[in-house]
Each structure stands twice: as C-alpha cells, then as structure tokens.
Amino acid sequence: MAADNVDKNISRRDMLANAVRGAGLLALGGVLGAMVNRPARGETFWQIDPFKCIQCGKCATNCVLNPSAVKCTHAYSLCGYCDLCTGFFQAQPNGLNTGAENQLCPTAALKRRYVEDPYYEYTIDADLCIGCAKCVKGCSTFGNGSLQLQIDQERCVHCNWCSIAAACPSQAFSRVPAGQPYIIKTKTRTG
Amino acid sequence: MPIGNPPSQFALGTTRRLAPSQRDAASIAPPTPMDRNPWANVRCYLSNRWLSALLCLLSLTTTALAEERFPPPDFRSGYTIPSTQLPLARAALWQYIDVAALAIALGLAAWLVLKKRSRRGVFILLIASLIYFGFYRKGCVCAIGSIQNVSYALFNPGYALPWAVAAFFLLPLVATLFFGRVFCSGVCPLGAIQDAVVWKPIQLPSWLDAGLGLLAYAYLGLAVLFAATGSDFVICQYDPFVAFFRLSGTAQMLFLGTVLLVAGLFVGRIYCRIFCPYGVLLRLIAPFAKWRVTITPDKCIDCRLCEQACPFGAIRQPTPPRVAPLCRRDRIRFVLCVVLVPALPLLLAFLGYRAGPSVAQVDPIVTLARIVHSAGHGPVTRTVHDQLEAFRQSGRTPEELYQQAAALQQRFATGTAWLGVWMGLVIALKLLTHTVRRRTPQYIADAGTCVSCARCYKLCPVEQQQRQLEANPAPV
C-alpha cells in the first residue's frame, strides 16, 4: 500500500472526496446546531401534568421499571390535613385508624401521623409507592387534590420515549425542561 | 358543584370538618364522638349505592382540579407545613462524561481496527462499551434512538434537540465517514451484546441477506415518519436489548430480546443486519469512508479463510473472469431495472398516499378522534372508557379534535407518500446494483456491510505470517 502512495501530492479525486466529506459534515452540523439552538433549548425530562391525569392506574403497570418510577407526591400546601382523608381511607372504613383493612393504599405507602386535633399529616413512602393512583383518585374526588402523581426523576431512567406516555389515555405526559422537572399543584393554578 | 344535588353537598358538609366556624367551635368544646367519626354521619344518609353514584357524579365534574374544598388549617401546635420532596435527576455533568466516553470509544475503536488490527482489543472495547453504554447508562439515549429525536426536531420547531442527543447522532456518523463502521464494532451496546454471543454462525444465502436487509430501510422510514408526526418513537418501543440493560422490562421486550439473542447464536448480529435503522445510515455512508478495513495487509493469496471468519456475510468474493458474452436476457434485465428506478418510487408513492390515513391510526390523537366519533357504538373497553373520560374532562370540543386529527391524517398521507418514494428508490437501486457487474479483484470486506469486527485479521495467514516475522525477525 505504501508503495502506491509514494507521490505525496494529493490526487484530484482525493481532494474532491475530502471536500465533499467536509461540506457534508458542515451541512449536517449546521442543521443539528440550528435544532439544538432553539428557544426551548436544554435537556428535557418526562413529567405528568396533574391537571390532565385521570388516575387510570396505567402508571403502575406500564413503566419499564418495576416498581414504577411514577410516585404519589404530596403538595402539602394544598392539603386540608383531614381526619377523614378520602385518599387514605377505603370507602366506609371500620374506623378512622391505620388498620390495614381501612387503608386505600395497597402497599401502605401513605403514612398517617397525628399533628393536632383534628388534623393529621399524610406522607408518602416513595420506596413502597407503586404509583397506582388510588389515593390520588380518592383525594381528587372528595378532597383538595393535594395528592398527585409525579415521575420521580431520580428513579426514572429517562427513556427517550416514555412507555407510560405511550399508554396514557389522557396524554398527560410531556417533556419538561430539566431545570423544572416537576409540575406540583399550587393554590394559584386551579385548572 | 352542580346545583340541585343536595345529598352530595350535604355529604361534603359532613366530611368537611375544617370549616372555620366548626374549627372555632372545636377549639372551645371537646369534640363529641359524632365529630370524631364523621363517617358515621355519612353512613346514615348514604347507602353504598348512593356513594358510588355520588362518586361517579363527582368524578365527572371535579377530578384533577385543585379545588381547595378544605382550606389548609392554621396550626396552633407550632407544626410547620413540610415542603414537597422532589428528588433530582443525575447531574447534567454526566452528559459531558457520556459524550466524552462516546468520542473516546470511537477513537479507540478506529485505532484498534485500523492501526492495531487487534480482534482482542476490539473485543475488550466492546465489552467495556456494553458495560458502560448498556448496563450502566441503561442504553438510553443511544445513537439508534437519536434518529427519532432529530426527525422530531426537524418537523416540530417547538422542540429543541438536546445537545447530548445531537452528539450521539453526529459523532458515529463522523467516525464512519473517516474510519468505516467502527461504531458498530466496538461502541454500540446493541451491537456489542450480539457480537459477544456469536457462537456457530451460518452463512445466509446472499439473496436472503439482501432481501431481509431491505426491512431495515423500511424500519428507518417508518421510524422517521412516526417521530416526525410526534406519534411514537417505535425504535425505542421495540428496542430488543434495552430490557436486558435495565434488568427490567415488559414481557414483550424481554421476549423479543431473547429471541434475537438466541437467533444471534447462529446468525451473527441479526438485529444489526435486518432491523437496525442507524445501521442503514452507516451502510450508506461507509463506502465514502476515508480509511476502512482491509483484510490483508499484503497480497491476497485467495485462501478464503476470511470468508469463513466473517459471521456477518460481509466479505465480497473476487469476480470470476467473464466467460460468456452479455446475452439478450442480461440486457433486458438491465433496462427493466433502469426503468424501475423512476417507476417504482412513483408507484409506491401513490400507494403510500392512499395508505396514509390507515397508517395514521398509529397516532394517539387520530385514534382518540375515532373513539370520540364512535362513542356509544362498539365495545367500550377500559382503555376506551378512560380515553373518553379524559377527553371529556379536557373541555375541548369534538370538532377541534376532528380538525386536529384530519390535519394529522393529511400529514401522514404526505409522509407515507415520501416513505413510498424512499422504499421505491431503495428497492430499485438495489436491483440495479445487482444487475451491474462490479469488478472485485480480490477478497475484500464490503464497505457497506462490514462492521469492522476485526475477526478476519485473525484468520488471514498473510497477516499472521507478517506478525510472526515482526515478532522474531529472521536473521539476515
């Protein structure tokens, strides 16, 4: 091979090929650069819009992870701290206590703690939560809707196309900027 | 709350223990047993049936709205309302590390394949890539999937392509333009997992290999179409090995992956050859590479060992000297193929245009429009019910939705017409290249299909002899 290239001068053919290569790369780089440099630039993550969510339960079953990366998240500032929390208790519970038969949560991930009469604090154990949205449905139907589903960005493996988004009946999933990866309900935004 | 619904208002009133007036009362007098268990009250008025009816009614009107039926209490015990825990994703710094790792791996692969000519080196690199890009980074985002982001960004001005995704798309293309398909050999985790399991490869007949290879072009076209319309990222949905990388996945993904790996024991890199859409791009670019795999460093002795060494059918045999002159049939075949080059794309474009509205059913918005349109007729499954429910809650009118769906169907028709042109060109040009004799002087690695795995170096006797000479120079 070395013997063929004794002549150090580049042949016309090689020069042309190099020029075409360079031009192709510049064009491709330019197009990609223009698409990167758009107003909404930056990394994006998937997130659930709690105002679109209808608590169908698919988040628990359609995530590539098991248990799902979708977790119930508590917007405490919205919570009424109710004694009879319809997110915590089954319909017609035997008593307003933490007995397993009274709880709506299938994994007892929703914890109830006495604060002061008649208020109770509800917290979520994310390790136990499977994202089934039973509590969210209960809270949204009768309560303030302070319990909501969100993708836990630490657990999420950031699939290029979220497999729950593909199954979501209400198209509640969208890409959000990585700088603000959560959509938490607040008092100001009431639908 | 709808008017004329006293039971529900009453029910809410009873459960509503936190109204200011009641709260004041509670602070003076100790709560009565009745107060302690408000559900007892509710139970008096509501039978189970009532409750479910009420639940239905309420869920129709108020779900998902943060309505503040119970204002947050003023705590007297000094309790402070905690802030919501929002776990953070891994730091953005990792993106730089990923892209740097990709660039280094590409450089290393090029050096190992072209300069060092070491199969062992390539193998170690591919295992390292499999561990880092596959099992550690969970295989996302990969160069193959990035095609969809690029296509989505091209047709949706509101979406900015993340720079790391752009780098994952561009860097392997650049590397291929200079060094051939070194990305496939040592960097791509999907290629690596298949390359590592090749056990007893069989040679596919060339017609079968070429025919199945067309599937990848169709897959690429479909993936670009679905991503451009924002309907779906099919490459990710049907990624066969990502379930292994995550050690978790749906049954369908695990099944597909297992089937391909088992088949991969006997047919080397079956996904790369038959399905990989990024492989299509690399296949098209690799023939223009500046440097690429040369099987033997010196004169080929036609031992055919490299042909046996290659599990991917990428070695081209030298063309035998022409015996018979061109006959009439050859000429007719050639002319037919030339005519096909414009005719087939036109035909497929027409068929594609007609098929567009049916293909559009993939899009969730089009599907939703159909469901809303035929609401009440046909079987109502759980999913259909949920979709109707969600649409009703969104407050949009069906007409809006129909318009959106019609626009999408039109977009799909244009897209599938272009898909037809693409497939027509691919098939016609493939046929044409098969009718034209290409002169191959000796055994060479086909520029397009060779994934530069470096297996042929190991078996080439000329190369082995040279290496031995280099190791123990014969006394002059």
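Every chain is numbered from 1, with letters handed out A, B, ... down the list of sequences.
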Most chain B-contacting option - heavy-atom pairs closer than 4.5 Å, from Gln171(A), Arg41(A), His158(A): Gln171(A)
Check whether any side-chain N or O of Asp363(B) sits under 3.5 Å from a backbone N or O of Ile365(B) as a donor-acceptor pair, and report yes or no. yes
Relative to each other, are the rings of Tyr122(A) and Phe88(A) parallel, tilted or perpendicular (30° and 60° limits)? tilted
For atom NZ of Lys138(B), decide whether the heavy atoms of other residues, nucleotides or ligands shown that lie under 6.0 angstrom number more than 12. yes
Residue, of Glu116(A), Gln153(A), Gln150(A), that accumulates the most heavy atom pairs under 4.5 Å with chain B: Glu116(A)
Counting only heavy atoms not in Gln180(A) (residues, nucleotides, ligands), do more than 12 fall under 6.0 Å from its CD? no
Between Asn149(B), Thr250(B), Val384(B), which shows the greatest number of heavy-atom pairs under 4.5 Å with chain A? Asn149(B)
Using the six-membered ring wherever Trp is involved, compare the ring planes of Trp291(B) and Phe179(B) and label them parallel, tilted or perpendicular (cut-offs 30° and 60°). parallel
Which bit of Lys58(A) is near chain B, if near means a heavy-atom gap under 4.5 Å: side chain, backbone, both or neither? side chain
Look at atom CZ of Arg12(A) and say whether more than 12 heavy atoms of other residues, nucleotides or ligands are closer to it than 6.0 Å. no
Select one option (side chain, backbone, both, neither) describing which atoms of Phe45(A) are under 4.5 Å from chain B's heavy atoms. side chain
Top of Asn18(A), Val31(A), Asn62(A) for chain B proximity - count of heavy-atom pairs under 4.5 angstrom: Asn18(A)
Which atoms of Ala167(B) are under 4.5 Å from chain A, going by heavy atoms: the side chain, the backbone, both sets, or neither? neither
With only heavy atoms counted, which part of Arg155(A) is less than 4.5 Å from chain B, the side chain, the backbone, both or neither? neither
